[in-house]
Amino acid sequence: MTFDPVTCINWEGLDREFQQIQETHRVYMQKLDDVSKLQLSFAADIKRHGKNQKDLSRLMEKKGLSEEDAKKVDMIKSQMKEWPRALLEMEAFLPKKNGLYLSLVLGSVNVNLPSKSSKGAYKDEYEQFKLYVTVVLLVLASLCLFALSYRFVDALLNFLLVWFYCTLTIRESILISNGSRIKGWWVVHHYVATFLSGVMLTCSCRTPCFLQFLQYYYQSGCLYRLRALGQRHNLDLTVEGFQSWMWRGLTFLLPFLFFGHFWQLYNGVSLIVISRGSDCVEWQVSVAAVCFVLLFLGNFSTTLAVVRHKLQSQKKPKSP
Ligand code: COA
């Protein structure tokens with residue numbers, strides 16, 4: 001029996017399908033081209049409009065206006081009040097130049113995600129990544145402490161910590177570039193932690209690991225509820241509902257966080273005492289002591305500032 005490919009498979013159907021795919025690809029490339037042209041012109045429009053707004057605001061600052069003109073100026077000012085924020089929100093969906101750190105690590109690739117859902121999905125993935133690596137770190141740290149006291153396992157754990165914190169700094173820079181309001185200190189915290197992981201041994205890793213579990217629970221709960229707020233027709237959740245959940249979560253989490261912060265202070269002070277002993281010759285001890293004290297100061301003051309800010313904004317009267 002001979003093999004005839006033309007009759008064996010539906011050649012014409014396959015050919016039509018291929019032509020269709022080629023056509024779709026052509027349209028797709030065309031649309032991509034249109035989108036990049038639109039991005040360029042839209043970015044230029046936003047920039048020009050922002051400059052015009054500033055010029056107009058400067059002109060309106062002029063003194064000695066008649067009562068009628070002053071009223072007009074007030075009306076224009078109140079209409080323009082929301083514009084800068086709106087422009088910033090629009091800009092968040094346009095490609096922009098990376099900051100110094102991302103340029104050094106990733107080059108000039110565009111890290112701005114094109115839609116709200118992809119930004120949300122990236123944030124979800126970031127929280128999950130933290131959880132999974134924390135599990136691995138916890139297992140490895142327990143092994144180091146209770147089962148395998150080899151220098152190699154120690155080194156592996158420290159290497160994993162350095163890699164983990166480095167990765168977090170990159171992911172957080174991408175999140176910030178996509179409009180996340182992560183406080184600068186948490187990013188600095190991960191730089192300091194990267195440095196510290198490079199110089200310290202494993203003994204004090206247990207508490208931060210446990211704390212990272214609780215933080216994951218709180219942050220993923222916030223993310224879930226914020227997403228639900230955006231789809232209120234599906235899930236009956238209100239802003240007040242979110243706030244009450246957030247406060248319950250925070251009330252549970254805060255004692256553990258403060259315990260962790262004072263644990264860092266305790267580590268720092270203990271290391272300072274050890275480093276002052278005459279038999280201590282390793283420079284790592286004093287460096288680790290400074291890092292722990294720095295981490296305590298930054299973590300404690302930033303967490304207090306976050307809670308104070310949340311309390312103040314809760315007290316503010318809500319606009320109707
Ligand atoms: N690391 C990374 N991102 C953080 C963060 C942290 N420690 N704390 C807050 N964020 C992010 C939030 O997810 C949010 O992101 P979004 O704008 O993309 O939605 C943004 O920063 C603003 O969050 P904010 O409203 O200020 O705080 P929150 O309610 O999300 O979290 C705390 C409040 C106190 C629970 C949180 O800041 C925290 O866990 N702090 C303690 C961290 C710490 O001390 N770690 C060391 C332990 S030893």
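Counting starts at 1 for both ligands and their atoms, in listed order.
- If you number the atoms of ligand 1 from 1 as listed, the ones under 4.0 Å from a heavy atom of S180 come out as 15 (O), 16 (P), 17 (O), 18 (O).
- Remark: side-chain polar atoms of S36 are paired, donor with acceptor, to backbone N or O of D33 under 3.5 angstrom.
- Neither the backbone nor the side chain of H309 has a heavy atom within less than 4.0 Å of ligand 1.
- Interface atoms of ligand 1 facing K183, defined by a heavy-atom separation under 4.0 Å, are 26 (O).
- Residue-level proximity to ligand 1 for L295 is absent, since no heavy atom of it falls below 4.0 angstrom.
- Ion pairing between D74 and K77 fails under the 4.0 Å rule for side-chain N and carboxylate O.
- Remark: E89 CD is packed, more than 12 non-hydrogen atoms of other residues, nucleotides or ligands lying under 6.0 Å away.
- Rounded to the nearest 0.5 Å, atoms SG (C291) and CG (N267) are 12.0 Å apart.
- Taking a cut-off of under 4.0 Å to the non-hydrogen atoms of H261, the atoms of ligand 1 that pass are 43 (C), 44 (O).
- In this structure, D34 does not pair ionically with K31, as no charged nitrogen and carboxylate oxygen lie closer than 4.0 Å.
- Of the listed options Y126, W186, W185, W186 places a heavy atom closest to atom 41 (C) of ligand 1.
- Ring orientation note: the planes of H25 and Y28 are tilted relative to one another, at an angle of 30° to 60°.
- Among the atoms of K310, some N or O lies under 3.5 angstrom from an N or O of ligand 1.
- The closest approach between any non-hydrogen atom of L257 and ligand 1 is below 4.0 Å.
- Within the cation-pi definition used here (under 6.0 Å to the ring centroid, within 45° of the axis), K119 qualifies as a partner of F93.
- A centroid separation of 6.0 Å or more is found between the aromatic rings of F259 and Y266.
- Taking any N or O of H190, backbone or side chain, none lies under 3.5 Å from an N or O belonging to ligand 1.
- Residue L250 approaches ligand 1 through these ligand atoms, each under 4.0 Å from one of its heavy atoms: 35 (C).
- An N or O contact shorter than 3.5 Å links R181 to ligand 1 by distance.
- Taking the six-membered ring wherever Trp is involved, the centroid distance between the rings of H190 and Y165 falls below 6.0 Å.
- The number of heavy atoms from other shown groups lying within 6.0 Å of CZ (F159) does not exceed 12.
- Atoms of ligand 1 found under 4.0 Å from any heavy atom of T303, numbered from 1 in the order shown, are 34 (C), 40 (N), 41 (C).
- In this structure, E127 does not count as a contact residue of ligand 1, since none of its heavy atoms falls inside 4.0 Å of the ligand.
- The shortest N or O to N or O distance between E172 and ligand 1 is not under 3.5 Å.
- At under 3.5 Å, not a single nitrogen or oxygen of Q264, backbone or side chain, sits near a nitrogen or oxygen of ligand 1.
- Close approach to L253 involves these atoms of ligand 1, each under 4.0 Å from a residue heavy atom: 35 (C).
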